[in-house]
Structures are given as C-alpha cells and as structure tokens.
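Shown next, in structure tokens, is the structure this report addresses.
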Amino acid sequence: MPDKPSLDGIEAKWVDVWDESGVYHFDRTASRPDVYSIDTPPPTVSGSLHIGHVFSYTHTDIVARFQRMRGKSVFYPMGWDDNGLPTERRVQNYYGVRCDPSIPYDPAFEPPAKPDPKRQVPISRRNFIELCDILTVEDEKVFESIWRRLGLSVDWRHTYATIDDNSRAAAQRSFLRNLARGEAYMAEAPTLWDVTYRTAVAQAELEDRERPSAYHTLAFHRPDGSDVTIETTRPELLAACVALVAHPDDERYQDLFGATVRTPLFGVEVPVKAHRLADPDKGSGIAMICTFGDTTDVTWWRELQLATRPVIGWDGRIVAEPPAGVDSAPAKEAYAALAGATVHTARERTVELLRASGELLGEPRPITHPVKFYERGEKPLEIVTTRQWYIRNGGRDTAVRDELVQRGRELNWRPKHMQVRYENWVEGLNSDWLISRQRFFGVPFPVWYPLGADGNPRYDAPIVPEESALPVDPGSEAPAGYTEEQRGAPGGFTGDPDVMDTWATSSLSPQIAGGWERDDDLFARVFPMDLRPQGQDIIRTWLFATVVRSHFEHGSLPWSNAAISGWILDPDRKKMSKSKGNVVTPLDLLERYSSDAIRYWAASGRLGTDTALDEGQMKVGRRLAIKILNASKFALSVAGEHTGPDAAAVTEPLDRAMLAALADTVEDATAAIADYDHTRALERVERFFWNFCDDYLELVKARAYEADSARGASARTALLIALSALHRLFAPFLPFTADEAWSWWHEGSVHGAAWPAADELRTAAQDGGPAVLAATAEVLRAVRKAKSEAKLSMRADIERVVVRGKHIDDARLAADDIAAAGRVARLDFDASDDADLHVEVTLPAAAE
RNA sequence: GGGCGUGUAGCUCAGUUGGUCAGAGCACUCGGCUUACAACCGAGCGGUCGGAGGUUCGAGUCCUCUCGCGCCCA
C-alpha cells in the first residue's frame with residue numbers, strides 16, 4: 001500500500017497485469033447458460049477513433065465486467081472493420097495510389113516515397129489489396145492500444161477482421177447458402193448508382209441532401225399541333241423520356257390518356273399514361289417519365305411497362321449512342337451535342353437547345369429540393385441499369401417483412417423505444433438488399449460464369465465452389481473442372497468481378513466471432529449471443545442486416561438484447577461528426593484525467609440518450625477515483641488488511657446500520673445494471689460511497705482506533721466488509737482504481753471476484769436498519785452547521801448538544817460516535833419534544 | 001410532411017406505479033491546513049420543473065394543445 005496513492009501510471013501497470021493473468025479469458029468449458037456473449041461492434045479502423053467510441057464501448061465493458069463478476073463466462077471478442085470503401089480511400093490518400101484492375105500485378109511494387117493524393121499512381125488490384133492489408137494492420141494496432149488503455153475487458157485471443165480469411169469464408173458460405181435457398185439472387189435492374197465511385201449502392205446507404213435546382217417548363221407536342229407543358233428539374237434527361245404521366249382523376253388530361261405526344265428537341269413519340277403517384281398539385285400536374293431520373297421513374301417504368309431509353313453511363317456522362325427512337329437527323333444532331341457531357345453540362349446545353357427551338361417556356365425557376373446521395377458520396381446518385389446481387393429482406397415480400405418485424409419484437413431493446421426505429425425502417429423498405437459493389441477491397445462473390453461459344457457469360461448458370469474450398473477468389477482461382485487458361489476464353493469461364501458490400505460481411509459478426517462452421521463447439525456455447533451493443537445510426541444497416549442473416553441461416557435472432565448508445569454531442573450540444581470538424585480524439589483526455597475518469601463520464605450517459613462531452617464530469621470521475629484510493633488506504637490502515645473479516649464481530653448499531661444501507665445499495669445497483677441501466681447503478685454506489693466517507697468514516701474514526709474493545713473490533717470489521725463490497729461495486733466502472741485498491745489487501749484481481757451479495761451484507765447487519773445511520777448523520781450535520789455558521793474549525797470543541805424529538809432513539813444508539821466525531825463534551829437526548837428530530841448546539845463560550 | 005426522443009438551479013443531470021420530489025454534482029459565496037484525502041473538508045446561495053389548458057383532494061409525474069431543440073424517415 002503506497003503512502004500517497006495516485007492514479008499516475010495506473011493504466012500501464014494494470015493493462016500488463018491483466019494481460020499476464022488472463023483474467024478476461026473466455027472459459028470455453030462453460031455451457032451456454034453460464035456464458036454471456038457479446039457481439040462487439042467492429043470499429044472502422046480506417047477512421048480515427050473518437051470520443052464517441054470510448055463512450056459506447058465503455059457501456060459494453062461495464063456490462064461485461066458485471067456479468068463476469070456475477071459468475072458468467074464472458075465471451076467478449078473484438079473485431080476490426082477494415083473491409084470496404086473507407087479503407088480504399090485511406091489507402092489511396094496514404095500511399096498516393098489508385099486501383100486499376102486492368103494493370104497486371106507487380107511483385108516488386110513499392111509505393112511512392114512521397115505520396116501525392118492528387119496524382120495517384122495506378123496499380124493492380126492485387127497490389128492495391130496488399131497495401132490495404134498492410135495499412136489496416138497498422139491501424140488496428142493503434143485501436144487495440146487505446147482499447148486496452150481504456151480498460152476494455154476484451155479477450156484479445158478472440159479478434160477478427162472483416163477482411164480476414166475466416167470472415168471471407170463466412171461471408172461466402174452464408175451467401176452460397178442464401179443462394180441455394182433462393183434468398184439471394186441476381187437481377188439486371190435499374191440501380192442506384194454513385195458516379196464517383198462507380199458502384200451500386202443500397203437503400204440503407206442513401207441520404208437526402210438539399211440542393212439547388214430549377215424547374216424548367218417544356219413544351220411537348222400533341223398530334224393536333226397544340227402543346228402540353230410539363231415541368232422538370234432534369235431537362236438533360238429529355239432524350240430518355242419514355243412517357244408522360246398524370247393522375248387518373250386529373251380532369252385536365254383525360255383526353256390525353258392513351259394518346260401519344262412528341263418530345264421537344266428529339267421528336268420521339270411517347271404515350272401519355274395515368275398513374276396514382278402523379279401529383280396533380282405539382283407543376284402542371286403532368287410529368288415526364290425518363291429512364292431513369294429518380295426512383296419514382298423506376299416505379300412508373302415497371303408498373304406501366306414502358307420502353308427503356310437509358311442515356312447516363314457508369315461514369316455519369318451522357319452515353320455516346322442515342323437511345324432507340326432518337327432517329328431523325330435533327331434529333332441525332334441535338335443528341336450529339338450532349339453525348340459525352342457530364343449531367344451538369346448536358347443540362348446547360350439542353351437548355352440552350354430548347355431555348356433556340358422555342359420549346360423552353362419562360363426561364364428556369366430556381367428551387368431547393370432534396371436530392372438522393374450515397375452517404376459517402378459527393379455527387380447526386382444516378383439510376384443505371386446493371387446486373388447486381390440481392391438478398392431478400394422483405395422489401396418486396398410482405399411475408400418476409402412480417403417475419404422480420406416479428407424478430408424485432410422478440411428482441412429486448414434498451415432503451416425500449418429504439419424498436420420503433422427498426423420497425424419503421426423494415427416497413428418502409430421498397431427493394432431487396434443490394435449487396436454487390438463494383439469495388440476492390442471486399443469479399444469477392446464466390447461465383448464463376450461459364451462462357452458460351454460466343455464468349456458471353458451464362459449468368460443463368462453460375463458455378464459455385466464447395467464450402468470446403470472457401471474462401472475463394474474467382475478472380476485468381478479457376479472453378480472446379482476448369483483450368484486457369486480457360487479464363488475469358490470462349491467455352492471457358494469468367495469470375496464474378498464484384499465484391500460484397502461491407503454490411504454483407506459485418507452482418508455476420510456473431511457467426512464470425514463465434515466460430516460458425518469453423519468451431520462448432522465454440523459456436524454452440526456463444527450463439528445466439530446475449531448482447532448486441534451499437535449506435536442508433538446503424539439500426540437500419542448493421543442491426544437489421546444481422547437479423548436478416550440470422551433469420552435465414554438459423555431461424556432465430558442473433559442475440560437476445562440490443563443496447564443502443566446515444567450520440568456524443570460537443571459542449572455546444574451539436575452532434576459530433578467528422579464533417580462538422582468538432583470531433584475530439586480520446587487520447588489526450590485519457591492522459592489528462594485518467595482512463596477511469598473518462599469511463600466515469602461515459603458511465604454517466606444513459607443508453608439511447610445523447611450526452612454532451614463534459615470535462616466537468618471527467619474531473620468528478622478523477623476525484624472519485626482518488627477518493628476511493630485514499631479512503632481505502634485509511635480504512636485498511638485502521639482496520640488491518642484482513643480479507644476475511646468475521647461478520648459476527650459487527651455488534652454496534654451504527655456499524656450494522658451502515659451495512660444495512662450498503663445491502664440496499666447493492667440490491668438497487670444490481671437490479672439496475674442487470675437491466676442495462678448502468679447510470680442508475682453507478683449513481684447509487686457513488687452516493688453511498690460519499691456518505692460512507694463523509695459521515696460513517698468520520699463517526700467511527702475514533703472508535704476504530706480502540707485496539708482492544710469489542711466496539712473497536714465492530715467498527716474495523718464493518719469497515720473491511722464495506723470496503724470489500726465497494727471495491728467490487730466500483731470495479732465495472734473504475735476497473736483500474738478498483739483493482740489497485742483491491743490489490744492492497746487481496747491476491748488476485750477484483751475483476752475475478754464475485755459481485756457483492758446483498759444477503760451476505762444483511763446477515764452481517766443482523767437486526768440493523770439504515771435509520772440509525774441516517775439519524776446519526778443528521779445530528780452530525782447539525783453540529784457541523786453550527787460550527788460552520790460560527791466560523792469555527794470542524795475540530796472545535798462543543799460544550800453541549802441536545803437532541804430532541806420523537807425519533808431520537810436511532811441517534812442515541814450512536815451517541816458516543818456522535819460525541820467523538822463532533823467533539824461534543826456533553827450530548828443529551830430529550831424525547832419530550834414532538835418534532836421528528838431537532839438539535840440544539842451550545843458553542844464554547846470563547847466562540848460566542 | 002410523418003415518426004421517435006427531449007426540455008427540471010448559471011452548467012451537466014437524478015427524480016420508478018401521481019402523495020416530504022423540488023434533489024445531486026459542477027460553478028459561485030463563506031468558513032476550515034481536520035493525522036486518509038488542500039487535487040481536501042464543512043456550510044450556504046440558487047429553480048413558479050419550456051408555455052397554456054384539463055383530469056384529480058393532490059401533477060416535473062397523467063391527458064390535450066402549443067413552443068424550442070435533437071435524430072430518423074419522406
């Protein structure tokens with residue numbers, strides 16, 4: 001026990017001790033009922049770790065430590081999400097390279113010595129992936145060291161990365177099973193498309209952003225030579241127009257339904273259709289349908305069975321060849337002016353052409369409206385018809401949707417209201433889950449296609465590998481029955497060029513971490529898991545996708561509880577995010593206040609509730625940690641360091657009262673933390689502890705020094721019993737401080753000790769109730785107040801104190817302790833007064 | 001526009017089924033070097049619980065409307 005307890009260096013010391021002792025190791029001999037398993041969120045290692053991570057991961061660690069002390073074998077793995085676009089972007093910027101799949105592999109490649117992100121060196125796909133692998137390993141080391149310093153009680157023998165062999169095999173295996181059962185399918189269909197990254201994106205990755213635009217009024221021509229006018233924000237898609245549409249009840253257009261009109265500039269004959277989604281109040285009430293301007297166009301195109309005239313290519317530019325129907329010489333001339341242009345330029349040129357032809361009525365009228373973006377993208381999404389892989393998710397199938405809604409209802413949500421967000425999302429789905437991405441650093445689809453004699457792929461007859469061969473890379477491995485020489489040759493094969501969306505892998509995190517189809521014994525002990533902790537922003541993605549995969553593969557939920565953390569707001573209550581530039585990195589705070597202080601702040605934020613970054617709370621946490629060390633040192637120096645005090649020695653009513661109050665605290669805290677209310681648990685423990693220090697320790701100080709009396713032994717024993725429980729109660733919240741203080745008088749870690757039992761404390765308290773302590777503390781407070789108002793030292797002697805009232809008996813039981821703590825010469829009790837409790841203090845004459 | 005959450009002391013937040021629930025900490029003021037802790041201790045100041053109605057013997061608490069803020073969806 002040090003002379004001067006301190007938090008300095010406490011993290012480094014205990015991180016090493018815990019690592020060597022293996023106190024956080026999962027005991028895989030435990031059977032499922034004795035296991036508590038956690039589906040830890042794999043952080044995106046290519047991003048920086050910020051204080052929000054520390055916040056939510058601390059919540060999970062509190063639960064893990066509590067369950068461990070409660071006797072569970074805790075399965076607490078850590079994953080790294082390194083698969084996907086964020087890593088590609090980081091590698092591009094870090095090394096100054098970009099992936100060009102057409103370039104052959106260069107085994108001797110060295111990244112540029114002076115990377116220039118603006119002049120990226122094109123490299124082969126394999127070289128690019130090698131760089132991704134190198135950099136993610138480095139990033140993961142940084143994350144791990146911060147997690148250890150924060151005190152996460154992760155079992156570091158159980159880690160995974162979403163791009164490692166096990167993850168790729170699991171993602172491919174699950175996909176093949178989805179495919180075999182008909183839950184995964186390929187389709188060529190209009191797809192939301194990011195033109196910058198040149199990849200398809202899923203509904204869950206969309207976000208609306210307000211963008212300036214303009215309404216353009218265009219004249220279409222009726223057969224009789226008169227005009228019908230429509231309004232559009234996308235005149236550049238005029239060549240892609242396939243119909244006009246108005247609401248079936250709209251009186252203005254009844255005579256046009258079934259007729260055709262000619263488009264401006266291109267003179268294409270298009271039908272006029274009726275559809276309920278046309279809004280009569282918007283513009284002229286009649287709109288042009290293009291293939292494709294937005295998702296409503298897709299709905300119309302599908303339901304009205306319209307022609308297809310695509311004009312936007314994968315690169316976001318107008319394609320070279322005009323679509324079918326743009327046949328006349330003037331039409332081709334107009335189209336040629338647009339071909340190859342970006343959407344932006346094509347719009348300007350179209351407006352010029354329309355103005356020249358007189359088919360633009362009036363001037364464009366500027367507006368602001370929401371436009372769909374890929375959440376990581378910088379340009380508006382286009383809709384391009386492409387061949388993609390999908391997994392059913394209820395978006396086009398009400399039976400599946402109902403099942404998934406039902407799964408959401410089976411889950412124990414903390415807080416409860418988060419379930420609504422899940423349900424709203426599932427019920428609002430309008431398409432299946434698009435999982436293929438035209439990118440590089442991801443899990444490849446384990447699929448090849450035979451090539452016909454004409455060299456074209458037979459998409460209807462995909463070749464799949466045996467599960468035992470996984471993971472496979474169809475881009476470098478040949479399917480069974482073929483040789484590598486047959487790649488790309490007529491009669492040979494070709495590998496599917498796409499990779500899976502990151503969520504298609506991370507949605508299998510319980511299976512990956514739990515050893516699904518790799519370690520059946522482990523999997524049986526941990527799955528379905530107990531807890532999924534995560535942020536509220538990814539309910540629609542990670543949480544939902546994980547439910548979908550488990551529902552199809554296992555017919556069950558992947559976990560029984562979901563703990564949803566809130567946001568971290570900056571001190572001005574703005575959401576912390578990279579784009580706002582108000583992100584705070586944790587290392588500086590961890591160093592300034594100590595890890596336990598940061599954990600204290602995090603623990604004071606409830607699940608699902610946004611919490612402000614509050615250094616004041618960190619200071620409070622630091623103060624609490626230091627106080628625990630000092631109080632422990634004092635109690636142990638007075639009481640001796642006996643780890644197994646004899647509860648029968650607690651004979652004094654005040655001591656029994658304190659233990660009874662502690663038993664209540666344990667009961668409350670246990671119930672709260674078991675119900676994922678760590679905030680309440682901490683508050684209870686903390687409140688007891690401060691009262692313990694301010695009142696009880698002061699009251700028994702003198703008595704505890706009495707070496708040979710039963711009264712002294714009672715105090716010393718009670719101190720040790722309370723201290724032991726307090727160290728254990730604080731252990732989940734302040735693991736460094738708790739283990740430090742615990743180590744002064746115990747072998748082994750507090751984190752391997754049993755969670756305190758209220759029953760044992762009640763047994764020690766015997767007939768005692770908390771009232772004696774409460775009444776005693778009240779008298780002491782009155783004495784202190786009198787001294788304070790007289791501007792006296794707390795050590796000043798008091799001549800006389802009279803305690804009056806009906807309820808003096810409780811306080812009278814600790815009369816000697818009150819007199820000693822208050823330095824009261826004469827302490828009298830008078831039961832004649834009707835008040836509950838009333839204290840009269842007579843100060844020493846010198847002070848009057 | 002729809003959904004969810006949230007407004008309590010200058011700040012950060014507790015306030016379980018309506019009945020000592022108007023609280024805690026920080027900040028501030030005053031006092032105290034007290035043998036665990038001055039990085040400490042003691043005391044004090046401070047709010048018509050966002051607003052307006054309603055139910056009730058009684059409303060931060062329940063209902064309705066309304067205002068502010070945050071997030072999600074359209």
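Note that the coordinates shown come from a computational prediction; the quantities given were computed from them, not determined experimentally.
Applying the 90° cutoff around 0 to the glycosidic angle, G60(B) is assigned syn.
If you check distances only, the side chain of R684(A) does reach the base of U16(B) with a donor-acceptor pair under 3.5 Å.
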Q: For the pair H369(A) and T233(A), evaluate side-chain hydrogen bond (donor to acceptor under 3.5 Å, both in side chains) and give the outcome as yes or no after the intermediate values.
A: CA-CA 10 Å; H369(A) 68 161; T233(A) 57; 4.7 Å; no

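Protein atom CZ of R606(A) is 13 Å distant from nucleotide atom C1' of U12(B), rounded to whole Å. In this structure, CD1 of I564(A) is placed 14 Å from C1' of C4(B), rounded to the nearest angstrom. One interatomic measurement links the two molecules: CD of Q617(A) to C1' of C13(B), which rounds to 8 Å at whole-angstrom precision. One interatomic measurement links the two molecules: CG of D668(A) to C1' of G15(B), which rounds to 14 Å at whole-angstrom precision. Counting to the nearest Å, the C1' atom of C72(B) and the CZ atom of F544(A) are 16 Å from each other. In this structure, L206(A) atom CG and A74(B) atom P are separated by 8 Å, rounded to whole Å. Per the geometry, CG belonging to D279(A) stands 13 Å off C1' belonging to A74(B), to the nearest Å.
For A612(A), counting side-chain heavy atoms from C-beta on, the closest listed nucleotide (U12(B), C71(B), U16(B)) is U12(B). In the set C73(B), G5(B), C13(B), G5(B) carries the atom at the smallest distance from any side-chain atom of H417(A).
Across the P atoms, C72(B) and U66(B) are found 24 Å apart, a figure rounded to whole Å. Rounded to whole Å, the P atom of U48(B) lies 28 Å from the corresponding atom of U56(B). Separating the P atom of C62(B) from that of G1(B) is a span of 27 Å, rounded to the nearest Å. The same atom, P, is picked in G31(B) and in G50(B); the two are 36 Å apart, to the nearest Å.
Taking the six-membered ring for Trp and the full ring otherwise, F55(A) and W567(A) have centroids separated by 6.0 Å or more. Here F544(A) and W433(A) keep their ring centres 6.0 angstrom or further from each other. Taking the six-membered ring where the residue is Trp, the centroids of Y600(A) and Y593(A) are separated by 6.0 Å or more.
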(Q) I'd like to compare against my own output: the B/S/- annotation of nucleotides 34-42 of chain B with a strict under-4.0 Å heavy-atom distance to protein. (A) BSBBSBSSB

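The partner of C62(B), taking Watson-Crick or G-U wobble pairs whose two distances both stay under 3.5 Å, is G54(B). Checking U34(B) for Watson-Crick or G-U wobble geometry (two distances, each under 3.5 Å) identifies no partner in any strand. The nucleotide A27(B) finds no pairing partner, because no Watson-Crick or G-U wobble arrangement with both distances shorter than 3.5 Å includes it. Both distances falling under 3.5 Å, in either a Watson-Crick or a G-U wobble arrangement, occur for no nucleotide opposite U20(B). Judged by Watson-Crick or G-U wobble contacts below 3.5 Å, the nucleotide A14(B) has no partner. For C69(B), the paired base is G5(B) (Watson-Crick or G-U wobble, both distances below 3.5 Å).
Taking the nucleotide of RNA chain B with the nearest heavy atom to each of T609(A) and K787(A), the more 5' of the two is matched to T609(A). Nearer to the 5' terminus of RNA chain B, by closest-nucleotide assignment, is the contact made by E789(A) (compared with the other of Q203(A) and E789(A)).
We find that E698(A) and K701(A) are joined by a salt bridge, their nearest charged nitrogen and carboxylate oxygen being less than 4.0 Å apart. E382(A) has a carboxylate O that lies under 4.0 Å from a charged side-chain N of R234(A), or vice versa, which qualifies the two as a salt bridge. Using a 4.0 Å cut-off between charged nitrogen and carboxylate oxygen, E778(A) and R781(A) do not count as a salt-bridge pair. At a threshold of 4.0 Å, the pair K282(A)-E231(A) does not count as salt-bridged, since none of the basic side-chain nitrogens sits closer than that to a carboxylate oxygen. Ion pairing between a basic and an acidic side chain is recognised when a charged N comes within 4.0 Å of a carboxylate O; R414(A) and D675(A) show such pairing.
Close to G5(B), at under 4.0 Å from its OP1 or OP2, lies no side-chain N or O of R421(A).
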